[in-house]
Asks: 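Have a look at this one.
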2 protein chains.
Amino acid sequence: MSVAQLLDGTAVARRSFAETAERAADFAAAQGRSVCLATVLIGDDPASQTYVRMKQRRAAQLGLESRRVRLSAETTTDEAVAAVRALSEDDTVDGILVQHPAPAQVDELAVFEAIAPKKDVDGVTMHSFAAMGLSANGFHSCTPEGIVRLLDAYDVPTAGRRVCVVGRSAILGKPVGLLLLARDATVTFCHSHTTDLAAQVSEADIVVAAVGRPELVRGEWIKPDAVVVDAGYNPGNVGDVEFSRAAARASYITPVPGGVGPMTIAVLMEQTVTAAENRVR
Amino acid sequence: MSVAQLLDGTAVARRSFAETAERAADFAAAQGRSVCLATVLIGDDPASQTYVRMKQRRAAQLGLESRRVRLSAETTTDEAVAAVRALSEDDTVDGILVQHPAPAQVDELAVFEAIAPKKDVDGVTMHSFAAMGLSANGFHSCTPEGIVRLLDAYDVPTAGRRVCVVGRSAILGKPVGLLLLARDATVTFCHSHTTDLAAQVSEADIVVAAVGRPELVRGEWIKPDAVVVDAGYNPGNVGDVEFSRAAARASYITPVPGGVGPMTIAVLMEQTVTAAENRVR
């Protein structure tokens, strides 16, 4: 029985980080200031705090400055919008990350829309969504773009391949499907109303699991030699795919963790430097 | 052998026109001016001239005013953008339609982006694309929305159904797939790189052909009792689906013409009145 090769996001991201650090250093040398990423954290969700801290730490390692905005768990939509709009208008801020999810009383889409498209380095605005869907200029959502980069790093062909995306969220399932559609894949979007998920997955050359349900995708559904990308990250380091049995059938598979996650941060950092470069161009 | 019931777009559009005319009359009575649709035609393409004239004529029948802007075949992108931007800023204009396609030297996407989202009654801006993809506020592309309305008019269920969209254009294939995904269908996008189109179509409960290639979709591919929506319109009144053989297998099918086309205009008219109502609200 063959075992799939790992799509090693940690290794691919490491190369990206090195390039991004160089570009950040060049920018700082030329402009006399560091690239600045503003992070907005609303509320006290421990996982969100961890995610923001990871991003800030990585930014610091690459020579980026972080601007940290903390808003209380009682923040209103208007207050959050005002805070983000101020960052959009602040000439010393290059990129803005609003950590998802916001507390329930906050209209997250309204807050995202307060991010100027040219600073939307996390790819969460309507403009960025359309840029991905229409292959127009704009930033990409970090996880979807990270998945495409990871496939590229391993020369996984997409044109004419059947892709099954499990999940249809605004910043993961839908955009990754649209990006792969732009790469000429035949893309199917599956979700909680899909009645024949096993059949859909079993027909796919590339499976992208992006739904946040532990091991929803069973190993025996995977077509022999398919490519499996697991963007799920559930408690206990469990992905959305039943890893070991899927790995026994697939040609390539992402580990969890160490697959999609590092790529997400790599794209965020790279797009932040690009935003800075674009602004002085 | 059963024969499919027709999805009679002409009849459904007629009911929509009657409602829109009433709303337009109410608006005129309350505001002392008619709802105004601006049409922008760039160049001399005969088909485009015909389409614009049809829309203007329908607008007049429903009590809408038309503002006609004609730009020469030599118009530059900058000139077209300036003309459209002027309409976006003109308080007497409620909706703007830029007839597709523009001449080759014009960057059509840039011209579309000059349409203010609140006047984008044809649903061609990035904002409108994202609104469709993210179920956010905004106008919808007219043909995709018309297709959804037509399915609704015949109580065709979409949740959990397999939809095969053949075509991935910015204002037809992609948005209609996204709208049906929002209606909980399992949606597959097929296109010129799809290697197994016959198999994909044959698995679909609803087929939307939106590619502009005469009879590309063969009748024998249609699953028995599937619903067939033909958004193609090719010379000689030929659609993208082999009509008679598809009709012998399908439960519902759109005629060409008289299926999707009238619905497109119905949505355009309705959205124009909505734009006017929104602006005075």
Side-chain angles (χ1 to χ4, degrees), chain A residues 107-110 112-113 117 120 123-138 141 157-171 173-175 177-197 199-201 203-205, chain B residues 107-110 112-113 117 120 123-138 141 157-171 173-175 177-197 199-201 203-205:
Chain A
D107 177 350
E108 193 174 69
L109 188 57
F112 287 162
E113 286 306 297
D120 181 24
V124 297
T125 58
M126 291 172 75
H127 185 276
S128 294
F129 181 85
M132 292 184 280
L134 301 174
S135 301
N137 285 332
S141 305
T158 55
R161 297 305 183 95
R162 274 197 185 201
V163 170
C164 177
V165 177
V166 185
R168 53 171 168 170
S169 67
I171 53 176
K174 282 181 199 164
L178 289 170
L179 290 176
L180 291 168
L181 181 59
R183 299 290 192 104
D184 296 330
T186 300
V187 176
T188 300
F189 292 91
C190 297
H191 45 79
S192 56
H193 287 79
T194 295
T195 53
D196 55 351
L197 183 61
Q200 293 281 4
V201 169
E203 292 162 7
D205 302 305
Chain B
D107 177 350
E108 194 173 70
L109 188 58
F112 287 163
E113 285 307 295
D120 182 24
V124 297
T125 58
M126 292 173 75
H127 185 276
S128 295
F129 182 85
M132 291 184 280
L134 301 173
S135 300
N137 285 332
S141 305
T158 55
R161 297 305 183 95
R162 275 199 185 198
V163 170
C164 177
V165 177
V166 185
R168 54 172 168 170
S169 68
I171 52 175
K174 281 180 200 164
L178 289 169
L179 290 176
L180 291 168
L181 181 60
R183 298 291 192 101
D184 296 331
T186 300
V187 176
T188 300
F189 291 91
C190 296
H191 45 78
S192 56
H193 287 80
T194 295
T195 53
D196 55 350
L197 183 61
Q200 293 281 3
V201 169
E203 291 162 7
D205 302 305

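Labels below follow one simple rule: chain letters A, B, ... track the order of the sequence lines, proteins then strands, and each chain is numbered from 1.
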Asks: Using a cut-off of under 4.5 Å on heavy-atom pairs, state which of B:H127, B:K174, B:M132, B:H191 scores highest against chain A.
Replies: B:H191
Asks: Heavy-atom cut-off 4.5 Å, strictly under: side chain, backbone, both or neither for B:A131 against chain A?
Replies: both
Asks: Can you tell which of A:L134, A:T194, A:L109 has the highest number of heavy-atom pairs within less than 4.5 Å of chain B?
Replies: A:L134
Asks: With a 4.5 angstrom heavy-atom cut-off, could you sort out which part of B:R161 is near chain A: side chain, backbone, both or neither?
Replies: neither
Asks: Name the member of B:T195, B:D196, B:L178 that forms the most heavy-atom pairs with chain A at distances under 4.5 Å.
Replies: B:D196
Asks: Is there side-chain contact between A:S192 and A:R168, with heavy atoms separated by less than 4.5 Å?
Replies: yes
Asks: Tell me the closest heavy-atom pair linking A:M126 and B:A136, and the distance in Å.
Replies: CE-CB, 3.9 Å
Asks: Between B:A130, B:A199, B:G177, who has the most heavy-atom pairs with chain A when the cutoff is under 4.5 Å?
Replies: B:A130
Asks: If every non-hydrogen atom of B:V163 is compared with every non-hydrogen atom of B:A204, which pair is closest and at what distance?
Replies: C-CB, 4.5 Å
Asks: Measure across B:G173 and B:F189 and return the closest heavy-atom pair with its distance rounded to 0.1 Å.
Replies: O-CE2, 3.4 Å
Asks: Does any backbone or side-chain atom of B:D205 lie under 4.5 Å from a heavy atom of chain A? Answer side chain, backbone, both or neither.
Replies: neither
Asks: Considering non-hydrogen atoms only, spot the tightest contact between A:V124 and A:S128 and give its length.
Replies: N-CB, 4.3 Å
Asks: Go through A:V187 and B:T188 one step at a time and tell me if the side chain to side chain contact (heavy atoms under 4.5 Å, CB included) criterion holds.
Replies: CA-CA 5 Å; A:V187 176; B:T188 300; over 6 Å; no
